[in-house]
Each structure stands twice: as C-alpha cells, then as structure tokens.
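Okay, so here's the structure we're looking at.
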Amino acid sequence: MATYTINYNLKKPAPSEYYNIQDFNNNADTIDAKLKLGDEAKTLADALNTKMTAANKNIENLLKRSLIAVEIWAPPNTQVTLEQGQLSFSGTVSSSMTLLAPVSALGLWEMTYIYAGKTYFRDVWVDRIGYTRAVAAPSLAASPWAFIAKVSEAGLAREAYVLGSTKSVASSLGTYDMQIIGFDHDCLTTPRPGRERAGLTFQMRSSTPANYSIDPDIYFADSWLECNMRTEQLPAILESMPADLQSVIKLVNKYTASVNSMEGLSSSEELFLFSDYELCGHSGLITPYSYSRQYEYYCCGHTPQKNVSYWLRNNTSGPNGLENFLLLDSANKSPKFSRCENKQGLCLGFCV
C-alpha cells in the first residue's frame with residue numbers, strides 16, 4: 001500500500017505496486033507549485049527586508065533631524081554648560097531670558113550655570129523628543145525682578161526659589177529684606193488663561209519703626225478703602241520703589257474683615273497690609289474671614305511677630321465711634337486694637 005510524505009503529501013508507491021506515471025506527474029506538479037510559492041515568498045521577503053531597511057534608515061534620519069533640546073530659563077548673560085559623558089553644550093542666555101540648547105541624546109544631563117560671578121549646579125532629565133524646560137535660577141537675592149516675574153507667571157516659582165528666601169528692596173521706608181511667604185496664594189485681579197493666582201507673595205522680613213498712622217483723622221468713611229494709609233501712604237511708598245520692581249508687581253484681590261460689615265470688604269491691591277487671618281490663621285473679628293487663607297510660610301510654624309508692632313488692615317469701631325485698626329504686637333501672638341491716628345510700624349507685602 002502506498003504511503004505519503006509528511007510535508008507535501010507526495011505519494012510514495014509501495015515496492016509491490018506497479019509503476020504509475022500519473023503518480024509521478026502528480027508529485028511533480030505538487031513540488032513545482034510548492035517551489036513556486038517558495039520563490040514568491042523569498043521575493044516578498046526580500047522586498048519586505050528592503051523596505052524595512054529603508055524605513056529604519058528613515059527613522060534613524062528622522063531622529064537625527066528631530067529636535068531634542070533643553071529650553072533653559074535664566075537671567076540674561078547667564079553662562080550655561082550641559083554635559084553627558086563625552087557630549088556637551090555651552091551657551092549664553094540672551095535678553096529674552098531663554099536659551100535653546102540642542103542636545104544629541106536623551107537621559108540625564110548635568111547643568112552648570114554661572115550668573116553674576118557665582119556658579120550653580122543642577123541635573124536635567126531629558127526624556128522625550130522636543131523641548132525639555134529647565135529653570136537655571138540664581139539665588140533670589142541675585143535674581144533680577146524681571147526674571148523672578150517670568151518664572152512666577154509661568155507657575156515655576158516653587159521650582160526656582162525656596163519659601164522664606166529674601167531679596168533686598170529700597171524705598172522711602174529704607175532698605176528692607178522682602179521674604180517669600182507664599183506660592184500661588186493671592187488671586188490676581190486680572191487673571192490670565194490658566195493662571196488665576198500670583199506666583200509669589202512677599203512680606204517685609206522685619207517691621208519699620210513705629211512712625212506710621214493708618215489715618216491722622218480719627219473720623220473717616222468706609223474704613224480700609226478710604227483710609228489715608230491705603231489712598232496716600234502706600235501709593236507713595238510704591239512709587240519710591242525701584243522701577244524694575246514696580247513694573248512686575250501684580251494687582252491682587254484682598255478681603256478685609258470688618259465688624260461694621262458682616263460681608264467684609266473686597267479690594268484690589270498692589271502694596272498692602274496683611275490681615276490677621278492671613279498671618280495668624282485666626283481672626284480677632286467676628287465677621288467672616290473665609291475669603292482669606294493663612295500663608296504657607298506661617299502654616300509651617302514661623303511666627304508673624306516682628307521686632308516692632310505693626311498695623312494690619314482689619315478695622316473695628318472703638319469708643320465714641322472712633323476708628324480702630326488691628327495691629328500685631330511684637331510680643332503678643334494675638335492681634336490687638338489701636339486707634340487709627342496712633343503711630344505703629346509697617347510690615348508691607350506685594351505679589352509678583
């Protein structure tokens with residue numbers, strides 16, 4: 001009895017059978033067909049291999065042409081070097097405060113940058129084709145206000161600076177260190193798309209001598225909104241500040257509690273006094289204060305007490321209808337009242 005091959009089922013007549021030419025022809029036809037399929041498969045495989053080789057070359061060329069770059073944000077004239085093994089890039093930041101550094105590999109890059117004679121270091125992780133942004137911020141004290149505003153407006157202030165760090169500011173009050181007490185805390189009066197809060201809030205690190213009254217007139221209307229401190233003294237102080245700082249200070253919304261109004265007062269401020277709730281986390285007034293939050297710096301346990309007692313912007317009516325405002329005593333953790341014409345210190349704030 002005939003048997004058949006495993007792969008192509010070719011007929012194998014038994015030795016005892018007569019030779020049949022048709023069996024031979026059938027096997028030959030099967031072999032011919034399979035050989036033709038093999039040739040066609042080889043041709044197709046060769047074509048696919050050629051196309052795959054070309055595609056791989058195209059991908060390789062595309063990767064070579066694709067931009068892998070670090071967009072470095074830094075003050076003008078900052079000298080920047082990026083290094084990864086034998087690979088490196090060097091450049092100087094322009095007046096735009098950005099530097100595009102094309103790099104030829106993904107992965108970890110070591111960045112060294114020099115600004116105003118001081119050298120800084122940080123690592124930059126490049127994990128994608130395209131742009132990777134890196135902030136090369138010098139210390140807050142050394143940073144120009146335009147650069148501070150740039151990173152603040154982009155929501156990168158926390159990446160660039162540390163809570164509690166300081167920068168010196170001169171004004172008609174004298175020269176005082178301004179300290180970061182909050183990130184993304186105060187609501188902008190004019191928000192931008194995707195940006196509703198000012199990136200940075202600053203407060204004087206120490207208070208002034210007790211030389212300032214809220215208002216020399218013990219009778220005035222509408223408390224904080226109309227007092228001499230807000231309408232005359234603070235604008236004059238702001239005008240005395242450096243022009244580069246004035247240009248980046250943001251208008252922010254402030255809520256001022258008052259016992260004369262169960263809803264309190266809302267106002268738009270550039271240079272401002274603080275409320276008791278913003279600093280202490282509690283209010284000495286009976287009106288709502290839910291529109292204010294305690295600043296992060298004081299949430300962390302730092303004390304808002306300064307070297308001299310200083311005015312807060314919350315007010316209340318005193319004896320005989322005389323206006324009284326809160327002040328933060330240099331020794332007492334709870335705010336207390338003082339008549340508006342009395343002399344106290346100032347501890348001002350602003351947002352960038």
Side-chain angles (χ1 to χ4, degrees), residues 52-168 178-180 183-184 192-195 197-200 202 242-245 247-248 250 351-352:
M52 286 295 294
T53 301
N56 287 333
K57 288 183 178 179
N58 288 338
I59 292 173
E60 188 176 315
N61 291 333
L62 181 62
L63 288 173
K64 287 180 179 179
R65 291 196 301 269
S66 296
L67 180 63
I68 307 175
V70 180
E71 185 184 57
I72 301 165
W73 288 26
N77 301 317
T78 301
Q79 298 175 335
V80 181
T81 300
L82 288 167
E83 294 182 323
Q84 185 192 90
Q86 300 299 314
L87 304 175
S88 65
F89 167 86
S90 295
T92 302
V93 179
S94 69
S95 59
S96 68
M97 295 183 283
T98 58
L99 172 66
L100 193 63
V103 294
S104 52
L106 302 177
L108 186 66
W109 288 77
E110 297 178 353
M111 181 166 66
T112 303
Y113 55 102
I114 302 172
Y115 178 72
K118 188 172 181 179
T119 303
Y120 303 85
F121 305 92
R122 65 161 295 184
D123 291 336
V124 179
W125 183 255
V126 181
D127 60 356
R128 63 183 181 275
I129 303 295
Y131 294 92
T132 297
R133 184 168 56 191
V135 178
S139 67
L140 179 67
S143 295
W145 282 111
F147 179 70
I148 295 172
K150 181 180 178 69
V151 296
S152 177
E153 291 168 3
L156 300 174
R158 194 183 291 274
E159 179 182 340
Y161 304 113
V162 178
L163 196 69
S165 53
T166 61
K167 183 174 179 62
S168 180
M178 300 301 300
Q179 184 175 48
I180 296 175
F183 295 106
D184 299 315
R192 298 184 292 108
R195 195 75 191 145
R197 296 181 181 272
L200 288 164
F202 290 87
D244 59 338
L245 172 55
S247 67
V248 299
K250 300 292 187 293
C351 294
V352 171

Checklist entry - Can you tell me how far CD1 of I68 sits from OG1 of T132, rounded to the nearest 0.5 angstrom? => result 9.0 Å
Item to check | Straight-line distance of L140 CG to K167 NZ, nearest 0.5 Å | outcome: 6.5 Å
Would you say that [X] contacts [Y] through its side chain, given a criterion of any heavy-atom pair below 4.5 Å between the two side chains?
X	Y	answer
F202	I180	yes
I72	M111	yes
E83	T112	no
R195	D184	yes

Item to check | Check: L106 main-chain N/O paired with Q84 side-chain donor or acceptor under 3.5 Å | outcome: yes
Next on the checklist: When you measure from the side chain of R158 to the backbone of Y161, do you find a donor-acceptor pair of N or O atoms at a distance under 3.5 Å?
Outcome noted: no
Checklist entry - Checking side-chain contact (heavy atoms from CB on, under 4.5 Å) for the pair D123/E110: CA distance, chi angles, key distance, verdict? => result CA-CA 5 Å; D123 291 336; E110 297 178 353; 3.8 Å; yes
Next on the checklist: Is there a side-chain contact (heavy atoms from CB on, under 4.5 Å) between Y131 and L100? Walk through the geometry before answering.
Outcome noted: CA-CA 9 Å; Y131 294 92; L100 193 63; 3.1 Å; yes
Item to check | Shortest non-hydrogen separation from L200 to S152 and the atoms involved | outcome: N-OG, 3.4 Å
Checklist entry - Do E159 and R122 sit within salt-bridge range, that is, some charged N less than 4.0 Å from a carboxylate O? => result yes
